[in-house]
Visitor: 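This is the structure, below, for whatever I ask next.
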Amino acid sequence: MIAFVPIVTVIIPYYQSQTGILTRALTSVLSQNLPDGWSVEAIVVDDSSPCPAQCEVDALTFNSRVNLRVVRQNNGGVAAARNKGLDEARLSSTLIAFLDSDDIWPSNHLLRAIDAHIKGYEFYFTDNRRVGFHNSHVHSDSLPETRRLLSIAYRENGLVEIPRDSMVGLILREFPTQASTVVYSRSVAPDLRFNRTLKTAAEDILFFTALAALSRRVAFDAESCVECGDGMNVYFGHLDWDNNKLLSIKLDQMLAHYLIRESVTLPSENRAWNERRLIHSRKEFIFHISRNLIKHPSRVPEVMLRLIRQRPLQAVTLPVEMLFAAISKLTRRNR
């Protein structure tokens, strides 16, 4: 009789232009203190990276408890890379963990995630720090509702239990769940995948909102923190107003809230908030597309074609909304 060995599948999407970044992330995987009987399946998805993953992997020595596979695919973006990792994961995998290739786990990250799983939690996440941005994401000024909820939630040995509907609301409002901090029970959503049409932003908001909505128990680990790196990042690297990717980011943020409306079952309060956020995102997109029509008209056609393909009705009404927005701005200016 073959004994069952619980497995954590670690999915690492990889696209970097500097050597050593992936080596550092994989070293943090190799340093994990695993409980007896558990093993790790690490899947690096090389998304046609300029710096090939295999060169980084060859410099490391893996042990019997950590199995590594490198899968190469044509460049499709982070959502496609994570999906490839999910597709490649063993059917016997117990837990799924994400690690971005420029991030580092503390040595007890998987140990504490496994302990939370044994206690019955299906969705586990931790704090994170990012050099130059914040030392603690959950204690930053951008997450006041997360801090408030954590201060009143049930706590046991560093684990803070967050009610499911509250967790869904936090992801929608403040997004405390950076991908490298999340570990979840595969049985909760074995077929859940990232939306590949969202190539520049918000694919993680959509995925983790759906995942939280399906999870019965959610735990935040107040005693652990993931270190986020400064490698290539499609989102953080393109937020400047005149960056040619910003318009695509604003489009993806708007489209994500349409997709959440259509694909995730939300309680009334969270559904109402998502609708308000959708309206706000649409106004932001209209502002940025109007600005680009004036300053950078060559950027607009590609983004508009994407909108027409994915949301033809919204694309048809967009010129009218742009006209009303312009009239409203002129009216306020002339008062």
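The structure displayed is predicted, hence computed values, not measured ones. Here, residue 1 is the first one in the sequence, and each next residue gets the next number.
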Visitor: Taking everything shown except Arg129 itself, do over 12 heavy atoms lie less than 6.0 Å from its CZ?
Guide: yes
Visitor: For a quick check under 3.5 Å, do Asp103 and Ser180 share a side-chain donor-acceptor pair by atom type?
Guide: yes
Visitor: Taking the side chain as every heavy atom from C-beta outward, state whether Val131 and Phe133 have any atom pair closer than 4.5 Å.
Guide: no
Visitor: Suppose clustering is done on Ile, Leu, Val, Met, Phe, Trp and Tyr with side-chain heavy atoms closer than 4.5 Å. Which residues sit in the same group as Val45?
Guide: Ile43, Val71
Visitor: List for me each residue that meets salt bridge (charged side-chain N to carboxylate O under 4.0 Å, His left out) alongside Lys283, sequence neighbours excluded, and say none if there are none.
Guide: none
Visitor: Do other residues, nucleotides or ligands put more than 12 heavy atoms under 6.0 Å from Glu145 CD?
Guide: yes
Visitor: Can you name the residues that form a salt bridge (charged side-chain N to carboxylate O under 4.0 Å, His left out) with Glu56, not counting sequence neighbours?
Guide: none
Visitor: Any heavy-atom pair between the side chains of His296 and Leu247 that's under 4.5 Å?
Guide: no
Visitor: Would you indicate whether Glu302, at its atom CD, is surrounded by more than 12 heavy atoms from other residues, nucleotides or ligands within a distance under 6.0 Å?
Guide: no
Visitor: What pairs meet the salt bridge (Lys or Arg N to Asp or Glu O under 4.0 Å) rule with one or both residues in residues 205-224, with sequence neighbours excluded?
Guide: Arg112-Asp221, Arg112-Glu223, Glu122-Arg216, Glu161-Arg217
Visitor: Below 4.5 Å, heavy atoms only, C-beta onward: do Leu278 and Tyr258 meet side chain to side chain?
Guide: yes
Visitor: Can you sort out the partners of Ala272 under side chain to side chain contact (heavy atoms under 4.5 Å, CB included), two or more places apart, ordered by chain and number?
Guide: Arg276
Visitor: Apply the salt bridge (Lys or Arg N to Asp or Glu O under 4.0 Å) test between Glu41 and each candidate in Arg186, Arg69, Arg65; give the one that qualifies.
Guide: Arg69
Visitor: Would you call Glu203 and Arg196 a salt bridge, taking side-chain N to carboxylate O under 4.0 Å as the test?
Guide: no
Visitor: List, one per line, each side-chain donor-acceptor pair under 3.5 Å for residues 205-215, sequence neighbours excluded.
Guide:
unit_1 : atom_1 : unit_2 : atom_2 : d
Thr209 : OG1    : Ile205 : O      : 2.6
Ser215 : OG     : Leu211 : O      : 2.9

Visitor: With heavy-atom distances below 4.5 Å as the criterion, would you say the side chains of His257 and Glu275 are in contact?
Guide: no
Visitor: Check whether any side-chain heavy atom of Val40 sits under 4.5 Å from a side-chain heavy atom of Gln32, and report yes or no.
Guide: no
Visitor: Ignoring hydrogens and angles, state whether a donor on the side chain of Ser142 or Ser140 is under 3.5 Å from an acceptor on the partner side chain.
Guide: yes
Visitor: Using 30° and 60° as the class boundaries, would you call the ring planes of Phe220 and Phe125 parallel, tilted or perpendicular?
Guide: tilted
Visitor: Do other residues, nucleotides or ligands put more than 12 heavy atoms under 6.0 Å from the CG atom of Asn74?
Guide: no
Visitor: Do the charged groups of Arg311 and Glu262 touch, with an N to O distance under 4.0 Å?
Guide: yes
Visitor: Does Arg72 have any salt bridge (charged side-chain N to carboxylate O under 4.0 Å, His left out) partners at least two apart in sequence or in another chain, and if so, which?
Guide: Asp46
Visitor: How would you list all residue pairs meeting salt bridge (Lys or Arg N to Asp or Glu O under 4.0 Å) that involve residues 27-39, not counting sequence neighbours?
Guide: none
Visitor: Hydrophobic clusters here meaning ILVMFWY residues chained together by side-chain heavy-atom distances under 4.5 Å, can you tell me if Leu259 and Phe285 are in one?
Guide: yes
Visitor: Looking at Lys84 and Glu88, does any basic side-chain N land under 4.0 Å from a carboxylate oxygen?
Guide: yes
Visitor: Sub-3.5 Å donor-acceptor pair from the side chain of Asn83 to the main-chain atoms of Phe194, do we have one?
Guide: yes
Visitor: List in chain and number order the residues that pass salt bridge (charged side-chain N to carboxylate O under 4.0 Å, His left out) with Asp165, two or more places apart in sequence or in another chain; answer none if no residue qualifies.
Guide: none
Visitor: Taking the hydrophobic residues Ile, Leu, Val, Met, Phe, Trp and Tyr, and joining any pair whose side-chain heavy atoms are under 4.5 Å apart, which ones share a cluster with Ile279?
Guide: none
Visitor: Between Val66 and Ile104, is there shared hydrophobic-cluster membership here, with clusters defined by ILVMFWY side-chain heavy atoms closer than 4.5 Å?
Guide: no
Visitor: Using the test side chain to side chain donor-acceptor pair (under 3.5 Å), find all partners of Glu174 that sit at least two apart in sequence or belong to another chain.
Guide: Thr146
Visitor: Does a side-chain heavy-atom distance below 4.5 Å link Tyr124 with His117?
Guide: no
Visitor: Which atoms form the tightest heavy-atom contact between Tyr15 and Ser48, and what is the distance?
Guide: CE1-O, 3.4 Å
Visitor: Would you say CG of Asp141 has more than 12 non-hydrogen atoms from neighbouring residues, nucleotides or ligands within 6.0 angstrom?
Guide: no
Visitor: Could you tell me if Arg130 and Asn135 have a donor-acceptor pair between their side chains, going purely by distance under 3.5 Å?
Guide: no
Visitor: Apply side chain to side chain contact (heavy atoms under 4.5 Å, CB included) to Ser248 and list each qualifying residue two or more places apart in sequence or on a separate chain.
Guide: Thr200, Val303, Arg306
